[in-house]
Amino acid sequence: MECGIVGLPGSGKTCLFQVLTAHAVAVKTGALDPNVGQADIPDPRLREIARFVPTRKIVPARLELVDIPGIPAGGDTRAAVLAHIRTVVALCHVVDCFGQTADPASARSSLELELVLADLDVIENSLRRARKAARGGDEEAARRRDALEKALALVEAGRPVSAGDWSTAEELALRGFGLLSAKPALTVANVAEGDLRGAGAPARALREAVAGDGGAVVVLCAALEREIAELPEDERAEMLASMGLEEPAVGPLARALNDSLGLATFYTAGDKEVRAWIVRRGATAPEAGGAVHSDIERGFIRAECYHVDELREFGSEKAIREAGRLRSEGQRYVMRDGDVVRFLFNV
Ligand SMILES: Nc1nc2c(ncn2[C@@H]2O[C@H](COP(=O)(O)OP(=O)(O)OP(=O)(O)O)[C@@H](O)[C@H]2O)c(=O)[nH]1
Ligand SMILES: [Mg+2]
């Protein structure tokens with residue numbers, strides 16, 4: 001699961017990337033190739049599971065992050081940046097609300113418009129081919145044609161493809177085109193140190209604009225978070241408290257990503273490790289198994305599951321089994337957020 005950090009030049013993307021990856025990567029700034037790294041996702045449910053399933057190690061889920069340079073005006077570089085955006089599954093859109101940009105709402109829509117315009121090209125070309133194939137009686141092409149026509153109407157009106165109401169079948173028909181404005185996107189209001197709650201005019205304007213499109217906004221100050229992340233661990237809590245913050249921004253950001261990017265978390269739990277995994281919401285049991293190891297997806301037999309809430313209720317895996325609550329799920333099972341799973345497979 002790769003999440004691209006996107007936004008206009010100087011909006012604080014690399015700064016946020018350094019925060020989220022805890023400075024594990026030596027970043028390049030001003031270069032055209034992206035920085036790539038991983039963020040640990042804090043998740044209180046991991047500790048809770050480990051309370052009931054004794055284990056040696058707790059392993060949080062990791063999010064692959066790609067820090068993509070801002071889109072410079074015109075030329076080949078623009079195409080290169082768009083090509084990087086095409087490779088990621090979801091977007092984290094950083095908008096400068098700390099004062100360099102006069103109008104954060106239009107900063108946000110200007111990047112969105114870049115994505116929409118790039119999609120317009122792709123849709124027009126693909127639509128021509130789909131129409132032709134559909135006339136020849138190809139039913140799948142007819143489905144692609146209908147979905148593309150619906151997408152075309154949106155982007156022609158300057159709206160992202162993600163703003164449409166899409167059925168699963170339509171989503172499937174569009175998936176192969178890698179449309180940029182169809183990617184789930186979360187907006188980050190990168191606020192000034194003096195406005196950590198985002199009560200100031202820039203963050204308010206951005207929130208209003210995003211709410212109008214039904215999107216979510218996470219407010220954080222990347223520069224301050226970077227300073228906090230550089231502190232020794234035992235000093236972080238004190239610093240956070242003195243700023244009136246409950247936790248580092250990676251917590252709320254990860255939860256918002258889970259929600260608005262359509263992700264789900266499941267767990268594997270045993271004496272060796274208790275571990276969180278992230279999949280797209282709607283992923284089937286074999287797909288989820290594939291996140292753990294490709295052999296599991298290939299040789300999938302079934303998944304033994306229970307929900308993390310049931311651990312709380314029954315107190316142990318054994319008690320869950322004895323209560324007849326351990327489920328045996330097959331190929332078509334759609335994972336629920338919070339499932340604890342043991343995969344049975346054969347290769
Ligand atoms: N005051 C303040 N400055 C910030 C904040 N976040 C980033 N900056 C500063 O803004 C400048 C640009 O930050 P970067 O993180 O490099 O921006 P970027 O989005 O990666 O820029 P490009 O990669 O060039 O597109 C740096 O000097 C940062 O220190 C913030 O929250 N508050
Ligand atoms: Mg950068």
Side-chain angles (χ1 to χ4, degrees), residues 2-39 64-88 91-104 106-115 118 180 185-207 217-231 239-240 243-245 247-253 256:
E2 281 196 320
C3 181
I5 304 179
V6 299
L8 293 185
S11 55
K13 299 179 293 296
T14 301
C15 193
L16 180 63
F17 174 83
Q18 289 173 301
V19 173
L20 297 176
T21 55
H23 293 273
V25 181
V27 300
K28 311 173 281 267
T29 50
L32 254 190
D33 31 318
N35 295 300
V36 180
Q38 294 184 320
E64 307 278 332
L65 289 173
V66 187
D67 168 30
I68 301 172
I71 295 184
D76 299 343
T77 42
R78 183 177 164 276
V81 171
L82 290 171
H84 289 310
I85 299 180
R86 202 169 295 286
T87 63
V88 298
L91 305 178
C92 185
H93 184 168
V94 182
V95 182
D96 165 6
C97 294
F98 56 84
Q100 305 296 106
T101 307
D103 183 354
S106 63
R108 166 178 173 265
S109 44
S110 85
L111 182 98
E112 198 176 83
L113 194 60
E114 289 280 357
L115 306 184
L180 305 181
L186 174 74
T187 305
V188 170
N190 189 14
V191 293
E193 269 111 289
D195 184 28
L196 295 180
R197 303 260 163 215
R204 276 210 326 266
L206 179 64
R207 250 203 240 98
V217 178
V218 172
V219 175
L220 56 82
C221 172
L224 176 70
E225 295 283 342
R226 182 167 59 180
E227 275 174 42
I228 295 174
E230 279 163 9
L231 292 173
M239 174 75 165
L240 285 165
M243 308 298 297
L245 297 169
E247 57 175 330
V250 57
L253 187 66

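Atoms within each ligand, like the ligands themselves, are counted from 1 in listed order.
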Ser11 and Asp96: side-chain donor and acceptor closer than 3.5 Å? no
Is the contact between Val191 and ligand 1 made by the side chain, the backbone, both, or neither, using heavy atoms and a 4.0 Å cut-off? backbone
Is any side-chain heavy atom of Glu225 closer than 4.5 Å to a side-chain heavy atom of Pro248? yes
Pick whichever of Ala223, Gly12, Ala222 has a heavy atom sitting closest to atom 14 (P) of ligand 1. Gly12
Proximity winner for atom 18 (P) of ligand 1, if only heavy atoms of Lys13, Gln100, Arg226, Glu225 are counted: Lys13
Suppose I only count heavy atoms of Gly70 and a 4.0 Å limit; which atoms of ligand 1 are within that range? 25 (O)
Which of the atoms in ligand 1, numbered in the order shown and given with their element, are less than 4.0 Å from a heavy-atom of Glu193? 1 (N), 32 (N)
Near Ser11, which atoms of ligand 1 are under 4.0 Å from a heavy atom of that residue? 17 (O), 19 (O)
Looking at Leu253, Val94, Asn190, which hits side chain to side chain contact (heavy atoms under 4.5 Å, CB included) with Val218? Leu253
Should Cys15 be counted as touching ligand 1, given the test is an N or O pair under 3.5 Å? yes
Heavy-atom distances under 4.0 Å are what count here, so tell me which part of Asn190 touches ligand 1: side chain, backbone, both or neither. side chain
Supply the atom-to-atom distance Leu220 CG to Cys15 SG, rounded to the nearest 0.5 angstrom. 9.5 Å
Examine all N, O or S atoms of Thr14, backbone included, and report whether one is under 2.8 Å from the Mg ion (ligand 2). yes
Polar side-chain atom of Arg108 near backbone of Asp103 as donor-acceptor pair, under 3.5 Å: no
Please report the C-alpha distance between Glu2 and Leu65 in whole Å, then the side-chain angles of each, then the deciding distance to 0.1 Å, and finally whether the side chain to side chain contact (heavy atoms under 4.5 Å, CB included) criterion is met. CA-CA 6 Å; Glu2 281 196 320; Leu65 289 173; over 6 Å; no
Could you check if a side-chain atom of Leu91 sits within less than 4.5 angstrom of a side-chain atom of Leu186, using non-hydrogen atoms only? no
Examine ligand 1 and decide if any of its atoms is less than 4.0 Å from a heavy atom belonging to Gly7. no
Would you say Gly10 and ligand 1 have an N/O pair spaced under 3.5 Å apart? yes
Evaluate Val188 against Val95 for side chain to side chain contact (heavy atoms under 4.5 Å, CB included), listing each step before the verdict. CA-CA 6 Å; Val188 170; Val95 182; over 6 Å; no
